[in-house]
Structure formats: C-alpha cells, structure tokens
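Worth knowing before you read on, the calculation uses all heavy atoms, side chains too, and leaves out hydrogens, waters and symmetry mates.
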Amino acid sequence: MIRVLLVHDACLVRSVLAEWLRREPDLGVFDASWQSAPRRLRSVRPDVCAADLDCSESYGIPPLGEICAREAGRTPPRLLVLASAHRPGLLKRAAEAGALGYVDKEGSPEQLVHGIRKVAKGERFVDDSLGFGFLKAAEMPLTRRELSVLSLAAEGASVAEIAGSLHLSHGTVRNYMAAITRKTGARNRIDAIRISQGEGWL
C-alpha cells in the first residue's frame with residue numbers, strides 16, 4: 001500500500017481528486033490544505049506527497065521546504081507536484097526543493113496515478129507536456145531568494161514586511177529589489193513585477 005498525502009488549497013477539487021485516487025486498490029489517500037499539510041505529514045507519514053503548486057497562503061509561495069524538511073526519526077515523503085508549464089517559476093522552486101515527480105495539472109488523472117507509483121519506487125516522473133516550462137525555468141535570470149522577494153512584493157508587501165517574512169535586513173531587501181530590476185530589464189519595482197508575471201516566473 002502506497003500512503004499518499006494530497007495537498008491542495010481548493011477544498012472541492014482536493015476532495016474530488018482524493019476520492020478518485022481512493023479507487024486505486026494500492027493507494028491509501030489522505031488530503032490536506034497547504035496550511036494543515038505539515039501537521040498531517042507528521043500524523044500520516046506518507047510515502048508520497050502529491051502537492052498542487054498553487055498556494056493561497058504565504059503570499060502564494062508554496063512552503064515546499066516544510067514538506068521536504070528532514071526530522072529526527074522521520075523519512076520525508078517523496079515529493080510529486082501538480083504543475084503547469086505556464087508557471088516556470090514554480091517548477092524551478094519544486095526542482096530546488098527536490099521534487100521527484102511533475103504532473104501536468106491539465107493532464108489526465110491516470111497520469112497522476114502513474115506518477116505516484118513511479119515516485120513511490122524512487123523513480124523520476126516528468127510529464128512530457130511540462131518540457132517547455134522546464135526550458136523557461138532554465139532561462140530564468142532570478143535566483144530563488146530573488147523570486148521570494150519579488151513574490152512578496154507582488155502581493156503588496158512593504159520592504160519591512162518582506163524583511164520580516166524572509167528574516168532579512170531592510171537594506172538586503174532593497175539590494176535584492178535593485179538586482180531584480182536590473183536582471184529583468186525593468187524600469188522599477190512595479191515594472192519588474194509586471195515582466196515577471198508575464199513570463200510566468202511568479
């Protein structure tokens with residue numbers, strides 16, 4: 001039996017998808033929102049965590065690090081993400097977090113089941129349709145930290161709020177914003193956000 005924790009912030013979608021997965025005799029399926037996922041991970045101890053990369057909390061940044069974090073006496077689950085080729089920034093975050101599987105959200109549920117089984121065996125699974133997204137991710141000029149700063153800025157967070165959320169000094173946040181503006185070829189912070197959203201980095 002493969003123990004699976006399905007993480008999705010849309011309750012209706014999560015419930016329907018979880019019920020569909022429970023039809024598979026070799027899958028034991030549990031579900032949670034991103035906010036409750038860390039707690040559910042500790043109680044369920046899944047083999048695979050199948051997580052949708054769209055997150056309604058934490059300024060839209062999925063807390064992948066909390067899912068993949070190593071704790072004494074607990075083996076972290078293998079991570080499979082539900083992604084879109086149009087969001088290369090999130091694909092890059094997932095790759096940096098050590099995701100083993102990547103399923104296209106616009107694909108069939110059968111692909112998700114296939115991906116879960118492959119990842120449970122420690123094998124990599126990548127939907128062919130996400131290839132373009134990975135190419136775009138490889139071309140991204142921004143680092144993970146710069147993306148985190150820009151994601152918070154895009155949600156309207158002030159320099160002080162960004163600094164507090166990411167445990168940085170105000171000066172460091174301003175330096176990151178200056179680097180982001182330069183790398184994106186933007187005129188200012190607002191323009192950098194617009195460009196990055198247009199490219200699917202955020």
Start with the C-alpha distance between Ser33 and Arg14, add both sets of side-chain angles, then the distance that settles side chain to side chain contact (heavy atoms under 4.5 Å, CB included), and finish with yes or no.
CA-CA 8 Å; Ser33 65; Arg14 184 176 75 240; 3.9 Å; yes
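Between Asp47 and Ile116 there is no side-chain heavy-atom pair separated by less than 4.5 Å. A heavy-atom distance below 4.5 Å is found between the side chains of Leu79 and Val81. Contact check for His86 versus Glu106: side-chain heavy atoms found under the 4.5 Å cut-off. Between Arg174 and Val159 the shortest side-chain heavy-atom distance falls below 4.5 Å. At least one side-chain heavy atom of Leu41 sits less than 4.5 Å from a side-chain heavy atom of Pro77. Side-chain contact between Ile180 and Leu142 is present, with at least one heavy-atom pair separated by less than 4.5 Å. Looking only at side-chain heavy atoms (C-beta outward), Arg93 and Ser148 come within less than 4.5 Å of each other. Under the 4.5 Å side-chain criterion, counting only non-hydrogen atoms from C-beta, Gln111 is in contact with Phe125.
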Identify each donor-acceptor pair in which a side-chain atom of residues 190-200 lies under 3.5 Å from a protein atom, sequence neighbours left out, and give them as a table.
from, atom 1, to, atom 2, distance (Å)
Asp191, OD1, Arg194, NE, 3.0
Asp191, OD1, Arg194, NH2, 2.5
Asp191, OD2, Arg187, N, 3.0
Ser196, OG, Ala192, O, 2.9
Glu199, OE1, Lys136, NZ, 2.8

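Hydrophobic clustering (side-chain heavy atoms under 4.5 Å, transitive across Ile, Leu, Val, Met, Phe, Trp, Tyr) groups Leu53 together with Phe134. The cluster map of Ile, Leu, Val, Met, Phe, Trp and Tyr, joined by side-chain heavy atoms under 4.5 Å apart, puts Leu80 and Val7 in different clusters.
Using a cut-off of 4.0 Å between Lys/Arg side-chain N and Asp/Glu carboxylate O, Lys105 and Asp54 are scored as salt-bridged.
Ala37 and Leu5 make their closest contact through O-CD2, 4.1 Å (heavy atoms, listed as atom of the first residue, atom of the second, distance). Here the closest heavy-atom approach between residue His8 and residue Val13 is recorded as NE2-CG1, 3.6 Å. The nearest pair of heavy atoms linking Gly89 to Met140 is CA-SD, 3.7 Å. Between Leu91 and Leu130, the closest heavy-atom pair is CD1-O, 4.4 Å. Heavy-atom minimum distance, Ala153 versus Met177: CB-SD, 4.4 Å. When all heavy atoms of Val4 and Pro46 are compared, the closest pair comes out as C-CB, 4.2 Å.
Judged purely by atom type and a 3.5 angstrom limit, Arg78 uses its side chain to pair as donor or acceptor with the backbone of Ala120. Here the side chain of Asp9 pairs a donor or acceptor atom with the backbone of Trp34 at under 3.5 angstrom.
Partner Leu21 forms a side-chain contact (heavy atoms from CB on, under 4.5 Å) with one of Val113, Val16, Asp31 and no other, that one being Val113. The one candidate from Ile2, Val103, Leu100 that meets the side-chain contact (heavy atoms from CB on, under 4.5 Å) condition with Val119 is Leu100.
With sequence neighbours excluded, no residue satisfies salt bridge (Lys or Arg N to Asp or Glu O under 4.0 Å) with Asp127. For Ala178, there are no side chain to side chain contact (heavy atoms under 4.5 Å, CB included) partners two or more places apart in sequence or in a different chain. Residues forming a side chain to side chain contact (heavy atoms under 4.5 Å, CB included) with Lys121 (at least two apart in sequence, or on another chain): Glu123.
No more than 12 heavy-atom neighbours from other residues, nucleotides or ligands sit within 6.0 angstrom of CG on Asp128. For Arg144, the CZ atom sits in a loose shell: 12 or fewer heavy atoms of surrounding residues, nucleotides or ligands are nearer than 6.0 Å.
Judged as a ring pair (Phe, Tyr, Trp, His ring centres under 6.0 Å), not a single pair has a partner in residues 135-185 (not counting sequence neighbours). Sorted by first and then second residue, the ring pair (Phe, Tyr, Trp, His ring centres under 6.0 Å) pairs with a member in residues 180-202 form an empty list; sequence neighbours excluded.
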